[in-house]
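Only one structure is covered here, and it is reproduced in the block below.
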Amino acid sequence: MTASDCLFCKIVAEEIPAEIVYESADAIAFRDINPQAPTHVLIVPRRHIATINELENSDTDAVGQLFLAARDIARQEGFADDGYRVTMNCNGAAGQTVFHIHLHLLGGRNFTWPPG
Ligand code: AMP
Ligand code: ZN
């Protein structure tokens with residue numbers, strides 16, 4: 001399913017340009033336009049899912065593939081052993097602004113905990 005007004009569906013459909021760093025059958029990853037770390041990549045399922053709240057039990061493979069992509073990109077980018085952060089925001093209190101689920105992969109610097 002494609003949401004016609006969804007920015008990330010448009011990137012998946014190549015209607016809006018992005019710097020794509022990873023592609024698989026079910027997921028793509030591209031560089032965040034406003035990076036918060038030396039590497040900041042967004043990993044998205046090709047299929048539109050608005051938020052974590054809309055996940056179905058049958059989406060386990062789609063979600064698992066996002067983490068496998070994070071593993072591979074962290075290795076490609078060279079910070080797999082040093083460490084990195086993956087984050088998925090859900091709805092307003094967490095600051096979600098694009099309503100097509102995406103895993104943020106951040107690496108190349110040290111991160112603090114708890115996050116802001
Ligand atoms: P979130 O706030 O978790 O929904 O994350 C949305 C992310 O999408 C933010 O980090 C934005 O910088 C990023 N973003 C917005 N528009 C674009 C775009 N056209 N290409 C790449 N990243 C984008
Ligand atoms: Zn979408």
Side-chain angles (χ1 to χ4, degrees):
M1 186 183 90
T2 299
S4 57
D5 58 347
C6 171
L7 175 64
F8 289 173
C9 281
K10 288 180 177 155
I11 289 177
V12 168
E14 297 182 358
E15 292 167 17
I16 289 178
E19 191 182 340
I20 293 171
V21 297
Y22 175 98
E23 289 188 85
S24 70
D26 298 317
I28 72 163
F30 49 89
R31 296 200 189 276
D32 196 292
I33 206 167
N34 182 25
Q36 302 301 313
T39 293
H40 185 174
V41 166
L42 303 176
I43 307 164
V44 312
R46 290 184 186 273
R47 186 164 52 84
H48 183 82
I49 302 169
T51 82
I52 294 173
N53 292 338
E54 278 69 46
L55 284 171
E56 307 278 354
N57 289 350
S58 57
D59 290 329
T60 51
D61 189 59
V63 172
Q65 289 197 30
L66 304 183
F67 282 87
L68 295 178
R71 175 200 63 188
D72 290 350
I73 298 163
R75 201 179 285 144
Q76 277 172 32
E77 296 278 322
F79 50 68
D81 291 337
D82 283 344
Y84 53 94
R85 181 158 293 169
V86 291
T87 303
M88 189 178 287
N89 298 319
C90 183
N91 278 340
Q96 185 176 3
T97 58
V98 179
F99 290 87
H100 178 135
I101 61 167
H102 48 282
L103 206 56
H104 293 258
L105 169 64
L106 299 127
R109 66 171 172 87
N110 292 329
F111 298 93
T112 56
W113 193 264

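Just so you know, ligand 1 is whichever comes first in the structure, and atom 1 is the first atom listed for that ligand. From a predicted model like this one, the values you see are computed outputs, not experimental measurements.
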> Does N89 approach ligand 1 within less than 4.0 angstrom via side chain, backbone, both or neither, non-hydrogen atoms only?
Replying inline: side chain

> What atom name does the N, O or S atom of H48 nearest to the Zn ion (ligand 2) carry?
Replying inline: ND1

>> Aromatic contact between H102 and H104, with the criterion being ring centroids under 6.0 Å apart: yes or no?
In response: yes

> Side chain, backbone, both or neither: which part of Q36 comes within less than 4.0 Å of ligand 1 when only heavy atoms are counted?
Replying inline: neither

> Residues in side-chain contact (heavy atoms from CB on, under 4.5 Å) with D5, at least two apart?
Replying inline: A3

> Which atoms of ligand 1 have any heavy atom of L42 under 4.0 Å away?
Replying inline: 7 (C), 8 (O), 13 (C), 22 (N)

> For the Zn ion (ligand 2), which N, O or S atom of H100 is at the shortest distance?
Replying inline: ND1

> In ligand 1, which numbered atoms sit nearer than 4.0 Å to a non-hydrogen atom of F8?
Replying inline: 8 (O)

> Which atoms of ligand 1 are found less than 4.0 Å from any heavy atom of N34?
Replying inline: 12 (O)

>> I'd like to know whether ligand 1 has R31 as a neighbour, heavy-atom separation below 4.0 Å.
In response: yes

>> Quick check on contacts: which atoms of ligand 1 are under 4.0 angstrom from a heavy atom of H104?
In response: 1 (P), 3 (O), 5 (O), 10 (O)

> According to the interplanar angle, ranging from 0 to 90°, do the rings of F30 and F8 count as parallel (below 30°), tilted (30 to 60°) or perpendicular (above 60°)?
Replying inline: perpendicular

>> Can you confirm whether R85 sits close enough to R109 that some side-chain heavy atom of one is under 4.5 Å from a side-chain heavy atom of the other?
In response: no

> Which atoms of ligand 1 sit under 4.0 Å from any heavy atom of H102?
Replying inline: 1 (P), 3 (O), 4 (O), 5 (O), 6 (C)

>> Side chains of Q76 and D72: any donor to acceptor distance under 3.5 Å?
In response: no

> Which residue supplies the protein heavy atom nearest to atom 13 (C) of ligand 1, what is that atom called, and how far is it?
Replying inline: D32 OD2, 3.3 Å

